[in-house]
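Notes follow once the structure below has been shown.
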Amino acid sequence: MAKKTVEQIATDLNLSITTVRLVLNGKAEYYRISVKTQKKIQDYVDKYGYVINHTARSLKLNKTDTLGLVVPNLSNPFFSALAESLELSCRHKGYQLMICCTYNDPNYEIKLTSSLQARNVDGIFIVPANKDTEAKHLSSLDKPLVFLDRNHHQTTSAGVVSDNKGGGYLLTQSMLTKVKNPIVFFAGLETLAPVKERIEGYIQAIKECGDDKQIIVCHAKNDSVSDGELMISEYIEKYNDIPQNFIASSLPILEGVISLLHQRLGYIPEHINIGAFDEHLMLNFLSNNIWSIKQNDKLIAEKALYMMEQKIANNDYQSENIIVPVELVYRLKQPIKLN
DNA sequence: CCACGTTTGGAAACTTTAGA
DNA sequence: TCTAAAGTTTCCAAACGTGG
């Protein structure tokens with residue numbers, strides 16, 4: 001069946017385009033279109049259907065009711081959770097969200113954002129790869145921008161991030177109450193602001209504990225499972241031992257670390273104390289003591305969308321950087337009681 | 001310079017009402 | 001009953017950005 005345009009309906013019913021449009025857009029009451037006419041149009045639509053042409057609408061209105069989201073990837077569960085929360089928030093407010101992945105390629109990130117702009121999205125949420133790409137977006141895009149997850153401290157930018165330093169501090173401090181040996185920090189890419197901040201929190205907590213504990217930070221090339229594996233195999237080679245306590249700066253890194261331990265040993269030693277950034281239900285199924293920092297993706301999404309709406313509504317909206325609190329989740333294994 | 005399909009402000013066309 | 005005013009319903013034409 002050929003799709004019907006407003007014009008087609010108007011022609012077939014001997015009405016004007018405007019009248020049909022008003023009824024279709026629910027403005028019939030306001031413009032007091034007669035019930036007879038309304039019914040005529042309604043019956044026609046019930047029979048043949050009508051799908052609005054958003055391209056034409058956008059052409060006229062110069063807005064698409066579409067927002068863009070640029071994230072590094074969706075395999076990191078934090079980003080998929082964030083994308084999902086944002087998608088739900090957007091849907092709730094009548095926006096369609098276009099989700100794009102950079103796969104950690106800064107050049108591709110630039111291409112994606114300008115491509116979104118070319119498609120006339122009303123605004124773009126970006127998880128920027130680094131300070132340079134963030135600056136580039138700010139200077140070359142003229143759409144409202146809201147940065148997520150990473151704060152590179154640009155004065156003019158709007159952003160929503162988690163309290164990463166606080167999270168690192170909280171996590172380390174809590175582990176220290178239970179742990180004797182040093183805690184190793186397995187970190188993703190060092191240039192990423194959240195990683196840096198989490199390490200700062202870790203170092204501060206260790207310094208404050210006064211036990212003269214060692215600070216050990218290992219860096220991976222990237223925030224990926226394979227680089228996590230590589231990082232711990234280098235650690236094992238260097239220290240000729242597996243770490244007794246460690247913190248992973250992201251879930252992909254954690255996956256890499258425990259996956260390599262599993263490959264090498266055939267199991268994950270239960271005595272290892274694990275600290276993780278980003279919460280995941282599957283952590284329930286490890287037999288270790290586990291502390292994890294849960295980011296509030298829902299709140300991040302809500303704040304970010306609110307900010308975006310402010311920016312869309314008026315150009316001189318005062319940009320701000322919001323820091324969203326995190327939550328510590330722990331799973332301390334109780335010894336099994338027999339009898 | 002038109003075509004695409006929609007939105008928009010302004011106005012035409014028609015109907016009802018009030019007053020004489 | 002007639003007329004003008006008021007109220008109601010519908011329509012017109014231009015514009016949006018880009019490719020052919």
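Letters A, B, ... mirror the listed sequences (proteins, then strands); counts begin at 1.
No hydrogens or angles were tested; on distance alone, nothing pairs the side chain of A/Thr55 with the base of B/dC4 as donor and acceptor under 3.5 Å.
A/Ile253 is connected to A/Leu260 through a chain of hydrophobic side-chain contacts under 4.5 Å among Ile, Leu, Val, Met, Phe, Trp and Tyr, so both are in one cluster.
Classification of the A/Phe186-A/Tyr235 ring pair by plane angle, with boundaries at 30° and 60°, yields perpendicular.
Residues A/Asp149 and A/Gln295 have side chains in contact (heavy-atom distance under 4.5 Å, counting atoms from C-beta outward). A heavy-atom distance below 4.5 Å is not found between the side chains of A/Val23 and A/Leu15. Considering only heavy atoms from C-beta on, A/Leu67 stays 4.5 Å or farther from A/Ile124 through its side chain.
Salt bridge absent: A/Lys136 and A/Asp132 never bring a charged side-chain N and a carboxylate O closer than 4.0 Å. Between A/Glu87 and A/Arg91, at least one side-chain nitrogen of the basic residue sits less than 4.0 Å from a carboxylate oxygen of the acidic one, meeting the salt-bridge criterion. Using a 4.0 Å cut-off between charged nitrogen and carboxylate oxygen, A/Asp65 and A/Lys63 count as a salt-bridge pair. A salt bridge between A/Glu190 and A/Lys221 is absent, with no side-chain N of the basic residue lying under 4.0 Å from a carboxylate O of the acidic one.
In this structure, a donor-acceptor pair under 3.5 Å is present between the side chains of A/Asp223 and A/Ser250. Remark: the A/His137 side chain and the A/Glu109 side chain contain an N/O donor-acceptor pair separated by less than 3.5 Å.
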Protein-nucleic acid N or O pairs under 3.5 Å, nucleotides 12-15 of chain B:
none

Under 3.5 Å, which N/O atoms of the protein pair with N/O atoms of nucleotides 6-8 of chain C?
from  : atom 1 : to      : atom 2 : distance (Å)
C/dT8 : OP2    : A/Arg32 : NH1    : 3.2

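Among the protein residues, A/Asn25 comes within range of the sugar-phosphate backbone only, with heavy atoms under 4.0 Å from sugar or phosphate atoms but none that close to a base. Among the protein residues, A/Ile17 comes within range of the nucleic acid bases, having at least one heavy atom under 4.0 Å from a base atom.
Residue A/Arg21 places at least one side-chain N or O under 4.0 Å from the OP1 or OP2 atom of B/dT7. Phosphate contact (OP1/OP2 of B/dT7, side-chain N/O of A/Arg57, threshold under 4.0 Å): present. Side-chain N/O atoms of A/Thr19 include one lying less than 4.0 angstrom from OP1 or OP2 on C/dC11. Note on A/Tyr50: every side-chain N or O is 4.0 Å or more away from OP1 and OP2 of B/dG5.
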Under 4.0 Å protein heavy-atom contact, by nucleotide of nucleotides 15-20 of chain C - B base, S sugar-phosphate only: BBB---
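Rounded to a whole Å, the CD atom of A/Gln38 is 9 Å from the P atom of C/dT9. Between A/Lys40 atom NZ and C/dT9 atom C1' there is a gap of 12 Å when expressed in whole angstrom units.
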